[in-house]
Amino acid sequence: MIGVGYKADLKAIRDVLQDIIDKEDIILKELQPSIIIKDLGDKNMKIEIRMWVKSQDYLKAKVQINEKIKERYDSEEIPFP
């Protein structure tokens, strides 16, 4: 689950997240990942990313993907709440 500010462009967010998913070898490609708006909160939107990895890679994948998202949000100037 990722929070993002309401001023963010949803298409840009989806494109960035999909690009990260597509480029990460640790994510299993046979099972379709999903990117959904989970909640519209008082101060931000909650974006949920669902993807499949091998059980033993879960923690590594979580850390790796979170780092990539932060880096890309910064470089694409996508606002965090």
Could you please spell out the steps behind the side chain to side chain contact (heavy atoms under 4.5 Å, CB included) verdict for K46 and I2?
CA-CA 5 Å; K46 302 282 188 199; I2 301 164; over 6 Å; no

Shortest non-hydrogen contact from M45 toward G5:
CE-O, 3.4 Å

By side chain to side chain donor-acceptor pair (under 3.5 Å) - contacts of D19 (at least two apart):
K23, R72

Looking at CD of E76 and CG of D9, how far apart are the two atoms once the value is rounded to the nearest 0.5 Å?
10.5 Å

If you measure from CD1 on I65 to CD1 on I21, what distance do you get to the nearest 0.5 Å?
7.0 Å

Sequence neighbours left out, what passes side chain to side chain donor-acceptor pair (under 3.5 Å) with D42? Give chain and number order.
none

What residues form a side chain to side chain donor-acceptor pair (under 3.5 Å) with D25, not counting sequence neighbours?
none

Is L31 isolated, or which residues cluster with it under the ILVMFWY side-chain rule of less than 4.5 Å, directly or via members?
L28, W52

Partner residues of A8 under the side-chain contact (heavy atoms from CB on, under 4.5 Å) criterion, sequence neighbours left out:
V4, I13, I78, P79

Derivation and outcome, side chain to side chain contact (heavy atoms under 4.5 Å, CB included), residues D39 and N44:
CA-CA 8 Å; D39 188 34; N44 62 19; over 6 Å; no

If hydrophobic clusters are built by linking Ile, Leu, Val, Met, Phe, Trp and Tyr wherever their side-chain heavy atoms come under 4.5 Å apart, do M1 and Y6 end up in the same one?
no

Run the salt bridge (charged side-chain N to carboxylate O under 4.0 Å, His left out) test against K70 and tell me which residues pass, sequence neighbours left out.
D74

Rounded to the nearest 0.5 Å, what separates atom CD1 in I26 from atom CE in M51?
10.5 Å

Sequence neighbours left out, what passes side chain to side chain donor-acceptor pair (under 3.5 Å) with E48? Give chain and number order.
R50

Applied to residues 56-66, the side chain to side chain donor-acceptor pair (under 3.5 Å) test, sequence neighbours excluded, yields E24-Q64

Might you work through the side chain to side chain contact (heavy atoms under 4.5 Å, CB included) test for I20 and I49, ending with a clear yes or no?
CA-CA 11 Å; I20 291 168; I49 306 168; over 6 Å; no

Using side-chain contact (heavy atoms from CB on, under 4.5 Å) as the criterion, list what pairs up with L59, not counting sequence neighbours.
V63

Test log, rule side chain to side chain contact (heavy atoms under 4.5 Å, CB included), inputs I47 and I36:
CA-CA 6 Å; I47 308 290; I36 59 171; over 6 Å; no

Tell me every residue that passes salt bridge (charged side-chain N to carboxylate O under 4.0 Å, His left out) with K11, counting only those two or more places apart in sequence or in another chain.
D15

